[in-house]
Amino acid sequence: MMDTGLANRLKGCRAAVSGGANGIGAAVVRRFRAEDASVLICDRDEDAGRALAEDTGAAFAGFNVTDIDALDRAMAAHGPFDILVNNVGVDQHAFLTDTRAEDWRRLLAINLESAFAFTRAVLPAMQAAGYGRIVTVSSEAGRLGSKGAAVYASAKGGLIAFAKSVARENARFAITSNVVLPGPVRTPLFEAAVAGGGDQILEAMKGATLLRRIGEPEEVASAVAFLASREAGFITGEVLGVSGGMGLG
């Protein structure tokens, strides 16, 4: 596992990571395990999830996050948790006039409703313990909007409001709720988008950041790990762009 120089910062913590089998989620799992947290990977990708669990010593629960009953069963079986990372997400590029109602419902269910379901599942135990860290991975698209991805941006914007509301409701229990907003990050979803659009898309995405480069999943995982740690105990309801300055325009 990666040597972060921060070994034991999350020692003794139990974390659940939705969409943890690939991309940013997998980087978060590796970072948490490097910092001595126990981790449950929640993902429908059985092959990638089990391989990552075997490689890192994490546990794996395979289910579709839109199946709320299966989600609740998995969280009850493996919990309670001190940390939740709402990370699962999918994109679909289409202009609004080409977007079907079923596309809208599917993307909201995966990107937004799943965060509600995971958070609702972990909160009672966190409230009883008087401690918890909830970190939600949204997107700069949720803050800025996105041409050709209105549904995705709507769901990600909803995550920001949701996380802030969770922060307001649960501060009395010493539970924090914060959001990270990745920009263009080298994940399977990003690589698929670049493959479809070629160098023009890649250069446009680089140009959208002040740092003029694509981010790495590990850079997002570092921000998530900090917000999930005890060091971030006086930070809640905040939105942190991990996007190379994309949020500044």
Side-chain angles (χ1 to χ4, degrees), residues 6 9-10 13-20 24-25 27-28 31-32 35 37 39 42 65 71 75 79-89 107-108 110-146 152-183 185 215 217 219-249:
L6 295 170
R9 184 168 65 166
L10 300 178
C13 292
R14 297 167 58 90
V17 181
S18 73
I24 291 170
V28 170
R31 181 60 180 258
F32 279 17
E35 297 196 26
V39 181
C42 303
V65 296
L71 185 157
M75 299 302 281
F81 298 97
D82 310 292
I83 300 167
L84 170 66
V85 181
N86 287 314
N87 168 75
V88 69
L107 264 67
L108 286 185
I110 296 171
N111 291 301
L112 183 55
E113 186 178 342
S114 69
F116 153 76
F118 274 105
T119 304
R120 183 184 62 176
V122 303
L123 271 177
M126 288 183 176
Q127 290 173 348
Y131 180 85
R133 297 282 184 269
I134 299 172
V135 185
T136 297
V137 180
S138 178
S139 168
E140 284 288 8
R143 175 157 60 182
L144 303 174
S146 180
Y152 175 78
S154 298
K156 293 299 187 178
L159 285 175
I160 296 172
F162 174 75
K164 286 176 173 285
S165 299
V166 170
R168 287 184 179 276
E169 288 188 11
N170 291 279
R172 61 198 171 110
F173 300 106
I175 298 168
T176 66
S177 172
N178 293 289
V179 187
V180 297
L181 305 183
V185 174
E219 293 177 299
V220 183
S222 293
V224 172
F226 167 66
L227 291 172
S229 74
R230 293 186 180 277
E231 294 177 271
F234 202 51
I235 303 172
T236 195
E238 296 296 340
V239 179
L240 174 63
V242 188
S243 59
M246 190 179 194
L248 293 179

Nearest 0.5 Å please: distance from the [atom1] atom of [X] over to the [atom2] atom of [Y].
X	Y	atom1	atom2	answer
M246	E140	CE	CD	6.5 Å
F32	R14	CZ	CZ	14.0 Å
C13	D82	SG	CG	5.0 Å
E113	L71	CD	CG	10.0 Å
S139	I160	OG	CD1	8.5 Å
I110	S18	CD1	OG	11.5 Å

Lys NZ or Arg CZ of R230 over Y131 ring: under 6.0 Å, within 45°: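 The answer is yes; both the distance and angle limits are met.
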
Heavy-atom closest contact ([X] atom, [Y] atom, distance):
X	Y	value
F162	F116	CZ-CA, 3.6 Å
V17	G25	CG1-O, 4.0 Å
K156	G89	NZ-CA, 4.3 Å
R31	A225	CG-CB, 3.7 Å
A174	G130	CB-O, 3.4 Å
G183	S243	N-CB, 3.4 Å

Test side-chain contact (heavy atoms from CB on, under 4.5 Å) applied to V242 and L181, step by step: CA-CA 6 Å; V242 188; L181 305 183; over 6 Å; no

Steps toward side-chain contact (heavy atoms from CB on, under 4.5 Å) verdict (F118, V122): CA-CA 7 Å; F118 274 105; V122 303; 5.8 Å; no

Polar side-chain atom of S138 near backbone of V179 as donor-acceptor pair, under 3.5 Å: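 Side chain of S138 to backbone of V179: no pair is present.
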
Side chain N87, main chain G19, donor-acceptor under 3.5 Å: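 The answer is yes, because a donor-acceptor pair under 3.5 Å joins these two groups.
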
Can you find a pair of side-chain heavy atoms, one from [X] and one from [Y], that are under 4.5 Å apart?
X	Y	value
P217	V220	no
F173	M126	no
V65	C42	no

Candidate pair L123 and I134, rule side-chain contact (heavy atoms from CB on, under 4.5 Å), full reasoning: CA-CA 9 Å; L123 271 177; I134 299 172; 4.0 Å; yes

S229 and R133: side chain donor to acceptor below 3.5 Å: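 No, because no side-chain N or O of S229 sits under 3.5 Å from a partner of the opposite role on R133.
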
From CA spacing to verdict: side-chain contact (heavy atoms from CB on, under 4.5 Å), N178, T136: CA-CA 6 Å; N178 293 289; T136 297; over 6 Å; no

Trace of the side chain to side chain donor-acceptor pair (under 3.5 Å) decision for T119 with N86: CA-CA 8 Å; T119 304; N86 287 314; 3.1 Å; yes

Pair up each side-chain donor or acceptor in residues 234-241 with any protein partner under 3.5 Å, not counting sequence neighbours, and list the distances.
residue: T236; atom: OG1; partner: S177; partner atom: N; Å: 3.0

